[in-house]
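One structure below.
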Amino acid sequence: LKFEPDNLKTRDLVRGLYVEAGRSYLNQEKFKEAEAAFRKALEFNPNDANLWLTLGDAVYFQGEERYPELIEINTRAVQVNPKDPVAWFNLGSAYFRLSRYAEAVPAYERVLELEPQNEDARHYLSHLYEELGMEGKRSEIRATISRRGFLKDSAAMSILLTSLTVSLADEKHTLTR
């Protein structure tokens with residue numbers, strides 16, 4: 001097989017091979033190799049939002065020290081496909097994991113604009129609103145959760161919110177050490 005860079009079929013074939021190699025590496029938990037393969041595939045088509053998200057997975061699994069890169073990767077996915085709720089959710093999660101809570105809020109809010117039934121985004125927002133002292137917004141989001149019938153049992157809701165609060169407190173404590 002002769003590689004002809006200007007031949008679209010050849011470019012698509014080579015790109016596809018890199019994507020498949022990256023997926024194979026991901027399945028084998030060879031995350032650095034997966035990252036390299038996905039980055040190479042992106043050279044052939046940098047406008048593939050799903051590929052940016054998959055690259056984000058490979059980077060995410062390499063550990064916390066790589067989390068700052070997730071903001072750039074997920075921002076790129078959002079730029080390529082601004083209507084993808086998964087891209088917005090991942091961007092919010094990247095900010096959340098880095099304790100950049102104020103920046104996580106608009107991303108999770110965008111998820112709910114695109115996918116109003118996304119309960120994960122709703123719960124993160126509830127927790128973030130509380131953390132940021134936005135009680136009015138928190139009450140509003142909790143009321144929406146209740147209206148939807150999700151976690152009708154107030155004890156279950158309390159356990160969930162306590163668990164999120166403890167999780168944030170632990171993250172905050174770890175960062176201040």
Side-chain angles (χ1 to χ4, degrees), residues 1-129 141 144-145 148 150 164 167-168 171 174-175:
L1 178 68
K2 182 179 173 189
F3 179 65
E4 299 171 7
D6 295 329
N7 182 320
L8 288 178
K9 285 185 179 183
T10 303
R11 289 177 61 82
D12 285 345
L13 176 64
V14 173
R15 180 189 165 280
L17 290 172
Y18 280 116
V19 170
E20 288 309 311
R23 288 183 180 146
S24 177
Y25 285 131
L26 267 182
N27 289 335
Q28 298 170 52
E29 298 183 6
K30 294 180 177 179
F31 303 119
K32 287 183 182 183
E33 292 86 348
E35 176 188 359
F38 293 135
R39 286 191 186 279
K40 196 69 178 165
L42 281 164
E43 289 177 17
F44 291 89
N45 183 4
N47 294 318
D48 183 337
N50 288 328
L51 193 49
W52 282 104
L53 294 173
T54 307
L55 171 62
D57 291 341
V59 171
Y60 171 82
F61 287 116
Q62 290 180 53
E64 290 180 23
E65 66 278 356
R66 301 290 307 274
Y67 286 0
E69 295 171 63
L70 294 175
I71 292 172
E72 180 182 330
I73 291 168
N74 290 305
T75 296
R76 183 67 178 146
V78 162
Q79 289 169 341
V80 171
N81 186 0
K83 293 186 178 186
D84 184 350
V86 173
W88 284 102
F89 188 90
N90 287 359
L91 180 59
S93 295
Y95 284 124
F96 184 87
R97 291 184 192 297
L98 293 168
S99 300
R100 292 170 61 177
Y101 303 133
E103 293 165 284
V105 167
Y108 287 126
E109 288 175 337
R110 182 69 175 131
V111 172
L112 291 178
E113 289 172 16
L114 296 168
E115 197 175 78
Q117 73 282 8
N118 190 313
E119 297 300 334
D120 290 333
R122 200 171 300 288
H123 287 290
Y124 275 104
L125 271 173
S126 174
H127 184 62
L128 289 168
Y129 290 153
I141 201 99
T144 306
I145 292 169
R148 292 182 159 291
F150 188 75
L164 286 171
S167 174
L168 267 181
E171 283 183 35
T174 301
L175 290 173

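Computed from a predicted model, the values in this text were never measured in an experiment. Side-chain atoms are counted along with the backbone in the values below, which use heavy atoms only and exclude waters and symmetry mates.
- Ring pair Tyr60/Tyr67: centre-to-centre distance below 6.0 Å.
- Shortest non-hydrogen contact noted between Gly22 and Ala34 is O-CB, 3.5 Å.
- If you take CG on Asp84 and CG on Leu91, they are separated by 11.5 Å, rounding to the nearest 0.5 Å.
- One finds the NZ atom of Lys83 at 8.0 Å from the CZ atom of Arg110 (value rounded to the nearest 0.5 Å).
- Using a 4.5 Å heavy-atom cutoff, the side chains of Tyr108 and Phe89 are in contact.
- The 12-atom threshold is exceeded at CD of Gln62, counting heavy atoms of other residues, nucleotides or ligands nearer than 6.0 Å.
- Judged by distance alone, the side chain of Thr75 and the main-chain N or O of Ile71 form a donor-acceptor pair under 3.5 Å.
- Rounding to the nearest 0.5 angstrom, the gap separating the CG atom in Asn90 from the CG atom in Asp57 is 7.0 Å.
- When atom types are taken as modelled, the side chain of Trp52 and the backbone of Asn74 share no donor-acceptor pair closer than 3.5 angstrom.
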Go through it in stages, so that I can follow the logic: the residues are Glu69 and Glu72, the test is side-chain contact (heavy atoms from CB on, under 4.5 Å), and I'd like the CA-CA distance, side-chain angles, deciding distance and then a yes or no. CA-CA 5 Å; Glu69 295 171 63; Glu72 180 182 330; 5.7 Å; no
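- Here the CG-CZ distance, from Asp48 to Arg15, works out to 4.5 Å after rounding to the nearest 0.5 Å.
- The number of heavy-atom neighbours closer than 6.0 Å to OH of Tyr25, taken from other residues, nucleotides and ligands shown, is 12 or below.
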Kindly determine whether Glu43 and Lys40 satisfy salt bridge (Lys or Arg N to Asp or Glu O under 4.0 Å), including the steps that lead there. CA-CA 5 Å; Glu43 289 177 17; Lys40 196 69 178 165; 3.2 Å; yes
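- Counting all heavy atoms, side chain and backbone alike, Val111 lies closest to Pro85 at CG2-O, 3.6 Å.
- Ionic pairing of Glu35 and Arg39 is present here: one or more N-O contacts between side-chain nitrogen and carboxylate oxygen are shorter than 4.0 angstrom.
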Verify side-chain contact (heavy atoms from CB on, under 4.5 Å) between Tyr129 and Val105, making sure each step is shown before the conclusion. CA-CA 8 Å; Tyr129 290 153; Val105 167; 3.7 Å; yes
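- Arg76 places a side-chain N or O within donor-acceptor distance of the main-chain N or O of Pro46, the cut-off being under 3.5 Å.
- Ring geometry, Phe96 versus Tyr124: the interplanar angle exceeds 60°, so the pair is classed perpendicular (tilted spans 30 to 60°).
- Between Glu109 atom CD and Trp88 atom CH2 the span is 11.0 Å, to the nearest 0.5 Å.
- Ion pair Glu33/Lys30 not flagged as a salt bridge, since none of the NZ, NE, NH1 or NH2 atoms sits closer than 4.0 Å to an Asp/Glu carboxylate oxygen.
- Interatomic distance, CD of Glu64 versus CG of Leu98, reported as 9.0 Å (0.5 Å rounding).
- Side chain of Thr54 to main chain of Asn50: a donor-acceptor pair is present (N/O by atom type, distance under 3.5 Å, no hydrogens or angles).
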